[in-house]
Amino acid sequence: MRDLMAITARPDVISLAGGLPDTSTFPAETFASLMEEIARESCASALQYGPTEGFEGTKDRIVEVMAAEGMRADTEDIVVTTGGQQVIDLVTKTLVDPGDVVICEAPTYPGAVPVFSSYEAHVVQIEMDAEGMRIDVLEETLAQLERDGRRPKFVYTVPTFQNPAGVTLSEERRRRLVEIARERELLVLEDNPYGILRYEGEQLPPLYALDGGEYVLYLGSFSKIFSPGIRLGWLVAPEPVLAKVKLGKQAADLCTSSLTQRLVESYFADGRWRRYVSEVSMLYRDRRDAMLDALAEYFPAEAEWTRPAGGLFIWATLPDFIDTGDLLAKALREEQVAFVPGAAAYLDGRGRSSMRLNFSAVGADAIREGVKRIGKVVREQIALYSTVTGQHRAVDPERLPRQGSRQEPPSRPRGDREDRLAEVVQLPERKPKRRGAGGA
Ligand SMILES: Cc1ncc(COP(=O)(O)O)c(C=O)c1O
């Protein structure tokens with residue numbers, strides 16, 4: 001992912017890879033005046049170390065932001081962190097010994113993959129459908145783990161406008177997940193940076209609101225509602241977890257930036273952040289629509305994709321003979337366009353024919369052009385495959401279906417598909433190669 005970000009920063013590349021907000025939305029004038037005010041009025045505390053758990057004033061703002069999504073948090077249960085990313089790291093560091101089981105979605109947030117790997121967690125990924133994580137599969141998995149004498153340390157989930165799949169956990173499944181957590185005394189880490197960026201439909205209760213903060217740990221972030229550059233996120237957790245996390249945080253970085261905490265305190269002091277969120281939501285909704293239209297126009301009939309009601313990402317799945325890692329190399333080299341290959345969202349090499357597409361960072365014209373260019377390389381791969389094998393294959397109908405898409409996925413009788421699969425000529429095996437861009 002790091003390599004990929006470096007390549008996509010090139011000005012000639014259209015990047016649909018990152019999860020970045022559009023820089024033109026950053027409130028430059030407000031930022032300048034607030035920083036001046038901070039320099040005048042709270043220079044000492046802004047430039048000094050702060051408490052490990054964060055400033056009370058910052059936590060008060062966090063409580064307000066959470067209230068906007070129907071959650072009631074207590075400042076005592078909050079630790080302010082260096083981005084939401086640090087929460088994933090600290091919670092894993094606190095709870096996981098090598099070999100311990102962590103459960104997450106398949107696909108999962110690509111940034112969580114290296115965290116789980118670095119603490120040597122045994123990660124079990126639960127498949128999703130258009131309503132988010134398959135809770136029935138989760139229950140079967142938990143039962144199987146129990147039979148094997150294994151108890152997961154926590155379930156990590158991005159239930160709303162998931163990164164990377166764009167799908168949202170239905171209310172019924174949310175309620176069942178919280179029930180399971182309570183029945184089994186199982187911790188759930190709810191990662192919710194996108195919940196407030198909703199473009200249509202009714203708001204769903206966060207897991208934290210349903211549980212009241214007993215078994216659900218909550219990860220929030222200011223990155224998508226203000227700025228990722230300030231590196232501010234937070235964790236809400238019950239005291240026994242919080243105490244350990246604070247020790248872990250002391251070891252990691254002593255405290256989160258006092259300066260950016262003061263900035264957040266000032267910026268979120270009045271209603272302007274709500275206006276900002278509603279403005280960027282309108283902008284991103286239009287871009288999502290532009291991407292969906294472009295996908296319908298430029299992607300081949302064999303592809304399918306999700307239709308997110310919020311957030312920043314669409315997950316597209318191609319026929320399984322296409323490896324999106326290879327496709328990315330070709331797309332970058334020949335068409336100067338980037339996306340995140342699906343394998344980055346798995347710990348076991350799955351996801352190789354999927355890709356994550358971001359629609360927040362560039363304008364509608366670039367989105368359209370980018371999708372057109374990716375569509376071109378995809379079509380070339382499909383044509384090549386058809387020529388080599390004399391076959392034409394569609395995506396597996398059981399893979400993550402699009403959400404309420406206008407265009408239905410190609411449906412074929414299963415028997416027919418199985419028959420055709422039996423005739424497929426094997427392509428030569430790919431040689432193992434050095435890790436390339438986005439291969440994290
Ligand atoms: C699901 C998810 N969790 C956590 C993060 C980390 O966010 P940050 O550290 O900027 O708060 C991201 C960033 O894109 C994300 O998508």
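Atoms within each ligand, like the ligands themselves, are counted from 1 in listed order. What's counted below: heavy atoms across the whole structure, side chains too, no hydrogens, waters or symmetry copies.
The side chain to side chain donor-acceptor pair (under 3.5 Å) with E335 is formed by just one residue from the set R373, K372, K376; it is K376.
Protein residues are said to neighbour a ligand when one of their heavy atoms lies under 4.0 Å from it; for ligand 1 these are G83, G84, Q85, Y109, V158, N163, D191, P193, Y194, S221, S223, K224, R231.
For the pair R333 and Q336, the tightest heavy-atom approach, listed with the atom from each and the gap, is O-NE2, 3.2 Å.
Residues passing the salt bridge (charged side-chain N to carboxylate O under 4.0 Å, His left out) test with R184, sequence neighbours excluded: E146.
Salt bridge present: R262 and E265 bring a charged side-chain N and a carboxylate O closer than 4.0 Å. With salt bridges taken as basic N to acidic carboxylate O contacts below 4.0 Å, one links R61 and E64. For R134 and E140, the salt-bridge test fails: no basic side-chain N is under 4.0 Å from an acidic carboxylate O.
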